[in-house]
Number of protein chains: 2
Amino acid sequence: MGIVRTIRQSPLFQSIENETAESLAAHCRQRKLDKARELFAMGDEANAFFIIQKGWIKLYRISKDGEETIIHVFGPGESFAEAAVFSDRKMYPVNAQAVEDVELVEIPRNYFIKKIEEDSRFALRMLGAIAARQHYLVQQLEQVTNRTAPQRIGAFLLRFCQKEPGTKEGSLTVHLPYDKLIISRRLNIKAETFSRALTKLTPYGVEADGRSVTISNPKALAEFCEVDFKDIPC
Amino acid sequence: MGIVRTIRQSPLFQSIENETAESLAAHCRQRKLDKARELFAMGDEANAFFIIQKGWIKLYRISKDGEETIIHVFGPGESFAEAAVFSDRKMYPVNAQAVEDVELVEIPRNYFIKKIEEDSRFALRMLGAIAARQHYLVQQLEQVTNRTAPQRIGAFLLRFCQKEPGTKEGSLTVHLPYDKLIISRRLNIKAETFSRALTKLTPYGVEADGRSVTISNPKALAEFCEVDFKDIPC
DNA sequence: AGCTGGTCTTGATTTAGATCAAGTCCGGCA
DNA sequence: TGCCGGACTTGATCTAAATCAAGACCAGCT
């Protein structure tokens with residue numbers, strides 16, 4: 001897909017003029033990364049932010065004793081690391097790595113900041129986008145601390161069920177977008193606990209077979225996980 | 001303290017012209033809240049954000065089963081709820097309540113957004129401030145999930161030790177800014193566990209007497225809590 | 001084919017922290 | 001003065017999840 005189209009489809013830029021989009025695109029670079037490749041490391045100079053065209057990128061930190069915490073996993077259509085570009089320290093505060101083969105657009109810091117200085121509508125959009133991200137983090141914080149492992153897993157499944165159309169009346173299929181290991185770390189659950197917690201969801205009609213999961217009773221699952229049924233994408 | 005001075009001292013506005021500061025101040029309102037008073041509730045229209053002059057405000061959510069999660073507690077000099085003002089939903093995503101008697105400045109949304117549209121330098125400052133807030137949330141997320149209760153408490157103490165000058169060579173005194181109950185909720189620890197965890201810090205020279213805490217071996221405590229000694233404010 | 005390394009599961013045991021329960025301490029106030 | 005309620009502590013017990021350990025399953029490779 002072309003850079004211009006990707007840019008135009010991103011919520012950040014959806015209402016900009018054609019001309020602006022093209023001039024922006026001319027300053028951007030398209031990049032590909034194989035699974036497990038690093039995009040940037042914590043402490044690197046934040047010279048760009050990104051929009052994903054294909055694949056998945058995890059943002060994570062490594063603690064002193066080598067433990068990995070996944071802050072977020074971004075997928076197609078999403079942009080990330082905007083905040084780093086604006087921070088005073090001008091550094092990425094996290095690491096970024098591909099968890100599946102990835103294609104993305106790199107938007108350079110300097111040109112972009114110039115654009116914002118010229119056009120404050122841009123700035124307001126940016127502020128809105130970052131505010132939304134912050135909102136997500138707050139929810140994440142609430143989830144991790146107040147919900148059990150099975151609840152978090154259930155909520156995750158329901159959040160991704162739009163990726164695959166339901167096969168039967170009322171029942172859903174989810175194709176997991178990346179490894180269970182990554183999912184478990186993202187939800188702050190050890191791999192063993194993840195495996196067990198998943199089986200605890202059978203009463204709600206959850207059946208896993210490799211990377212595809214069927215949910216025969218989504219409503220009951222939503223209830224159990226304390227997610228609003230109307231927040232479910234499908 | 002006057003509104004203008006408060007505004008000028010906030011990181012958000014520290015580099016604006018005198019004239020601008022005064023015109024902004026003219027549109028702001030000064031407010032006082034007694035301890036335990038609500039400032040706004042989740043879902044309220046986000047018509048303003050705030051700078052604290054005195055006291056402490058907690059941002060929190062209530063889960064379906066009545067449990068309170070504290071997202072953040074803000075103190076003197078800090079601003080909060082900027083992000084809500086920019087979000088598309090134009091609503092506060094959390095509740096806000098005074099945990100001590102509070103004085104603050106209320107900055108109205110509309111006038112402020114107008115200012116941003118007029119002056120993009122404003123916008124960049126804003127972006128930087130919100131980015132920093134986001135950084136804080138990421139750290140918070142990492143802390144809550146990867147550290148034990150005693151470690152989180154120790155880190156909290158070290159973070160607030162600047163509030164009180166040390167009494168003895170190498171040893172520190174911290175005057176807790178608000179109730180232990182609030183602190184424990186902020187750190188996602190039950191009150192009983194908090195009490196016990198605090199006593200587990202005695203090997204590092206932590207001695208509590210009501211709201212004042214002395215730390216006779218800050219270095220060892222920092223080591224135990226895995227915080228960089230250079231991040232400690234005193 | 002058979003080996004290898006990664007992903008995932010299953011089982012036994014441990015542990016940090018929650019929960020339940022009972023008190024102490026303290027400040028406000030009638 | 002004595003009572004009340006909220007803040008805090010201490011103890012006994014319970015439980016979700018981590019940890020330790022072993023094996024199953026699968027894909028890629030030589």
Side-chain angles (χ1 to χ4, degrees), chain A residues 34-36 56 58 63 65-70 97-101 143-154 156-157 175-202 206-213 224-226, chain B residues 34-36 56 58 63 65-70 97-101 143-154 156-157 175-202 206-213 224-226:
Chain A
D34 289 339
K35 181 169 172 171
W56 298 84
K58 72 174 176 193
S63 67
D65 49 330
E67 280 300 299
E68 171 184 295
T69 316
I70 294 184
Q97 194 189 76
V99 294
E100 297 293 330
D101 292 354
Q143 283 227 2
V144 167
T145 55
N146 288 331
R147 300 195 187 179
T148 66
Q151 282 178 318
R152 276 175 276 157
I153 295 174
F156 179 90
L157 294 176
H175 187 77
L176 303 180
Y178 35 82
D179 286 353
K180 284 189 183 134
L181 199 63
I182 302 291
I183 299 175
S184 69
R185 282 212 275 255
R186 174 182 173 170
L187 300 177
N188 241 283
I189 297 168
K190 290 281 121 77
E192 301 94 318
T193 306
F194 183 92
S195 186
R196 282 186 261 262
L198 197 52
T199 67
K200 280 190 192 150
L201 293 179
T202 42
V206 175
E207 220 66 53
D209 174 29
R211 272 200 185 185
S212 54
V213 180
F224 168 71
C225 301
E226 291 177 30
Chain B
D34 289 340
K35 181 169 173 170
W56 299 84
K58 71 174 177 194
S63 68
D65 50 326
E67 279 300 298
E68 171 183 295
T69 318
I70 294 184
Q97 191 188 78
V99 294
E100 296 292 329
D101 292 354
Q143 283 227 1
V144 167
T145 55
N146 290 330
R147 299 196 187 181
T148 66
Q151 282 177 318
R152 276 176 275 157
I153 294 174
F156 179 90
L157 294 175
H175 187 76
L176 303 181
Y178 34 82
D179 285 355
K180 282 185 184 138
L181 199 62
I182 301 292
I183 299 175
S184 68
R185 284 212 275 256
R186 173 182 176 171
L187 300 176
N188 241 281
I189 298 167
K190 289 282 120 74
E192 300 94 319
T193 306
F194 183 92
S195 186
R196 284 186 260 261
L198 197 53
T199 66
K200 279 190 192 149
L201 294 178
T202 42
V206 174
E207 219 67 53
D209 174 28
R211 273 203 184 182
S212 53
V213 180
F224 167 72
C225 301
E226 290 174 32

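Note that the structure is predicted; figures quoted are calculated from it, not measured. Chain letters run A, B, ... following the sequence lines, proteins first and then strands; every chain starts at 1.
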Under 3.5 Å, sequence neighbours excluded: what are the donor-acceptor pairs made by side chains of residues 181-194 of chain B?
residue: B:Ser184; atom: OG; partner: B:Lys180; partner atom: O; Å: 3.3
residue: B:Ser184; atom: OG; partner: B:Leu181; partner atom: O; Å: 2.8
residue: B:Arg185; atom: NE; partner: B:Glu68; partner atom: OE2; Å: 2.9
residue: B:Arg186; atom: NH1; partner: B:Tyr178; partner atom: OH; Å: 2.8
residue: B:Arg186; atom: NH2; partner: B:Tyr136; partner atom: OH; Å: 3.0

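Taking A:Asp209 as the reference, nothing meets the side chain to side chain donor-acceptor pair (under 3.5 Å) condition, with sequence neighbours excluded. With sequence neighbours excluded, the residues forming a side chain to side chain donor-acceptor pair (under 3.5 Å) with A:Thr148 are A:Gln151, listed by chain and number. Partners of B:Thr145 by side chain to side chain donor-acceptor pair (under 3.5 Å), not counting sequence neighbours: none found. Partners of B:Thr202 by side-chain contact (heavy atoms from CB on, under 4.5 Å), not counting sequence neighbours, listed by chain and number: B:Glu207. The salt bridge (Lys or Arg N to Asp or Glu O under 4.0 Å) check on B:Arg211 picks up B:Glu100, B:Asp179, with sequence neighbours excluded. Legend: residues meeting salt bridge (Lys or Arg N to Asp or Glu O under 4.0 Å) with B:Lys200, ordered by chain and number and at least two apart, are absent.
For DNA chain D, the contact window with chain B, defined by any atom under 4.0 Å from a protein heavy atom, covers D:dA7 to D:dA12 in 5' to 3' order.
Taking each heavy atom of B:Leu198 and B:Ala208 in turn, the nearest pair found is CD2-CB, 3.9 Å. Of all heavy-atom pairs between B:His175 and B:Ser212, the closest is ND1-CB, 4.2 Å. Here the closest heavy-atom approach between residue A:Lys58 and residue A:Ile70 is recorded as CD-CD1, 4.0 Å. In this structure, B:Pro150 and B:Leu201 approach most closely via the heavy-atom pair O-CD2, 3.8 Å.
For DNA chain C, each stem of at least three Watson-Crick or G-U pairs (distances under 3.5 Å) is given as range with range: C:1-30 with D:1-30.
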Protein N or O to nucleotides 13-16 of chain C N or O, pairs below 3.5 Å:
none

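Atoms NZ and CH2, on A:Lys35 and A:Trp56 in that order, are 13.5 Å from each other to the nearest 0.5 Å. Interatomic distance, A:Glu226 CD to A:Gln143 CD, rounded to the nearest 0.5 Å: 9.5 Å. Between the CG atom of B:Leu157 and the SG atom of B:Cys225 there is a distance of 8.0 Å, given to the nearest 0.5 Å.
Contacts between residues 178-186 of chain B and DNA chain C, counted as heavy-atom distances below 4.0 Å, involve no residue at all.
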Per-nucleotide protein contact string for nucleotides 19-28 of chain C, where B marks a base within reach and S marks sugar-phosphate only (heavy atoms under 4.0 Å, - for neither): BB--------
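Between the P atom of C:dT7 and the CZ atom of A:Arg211 lies a distance of 10 Å, rounded to the nearest Å.
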A:Asn146 and B:Ser63: side chain to side chain donor-acceptor pair (under 3.5 Å), yes or no, with the steps? CA-CA 8 Å; A:Asn146 288 331; B:Ser63 68; 5.2 Å; no
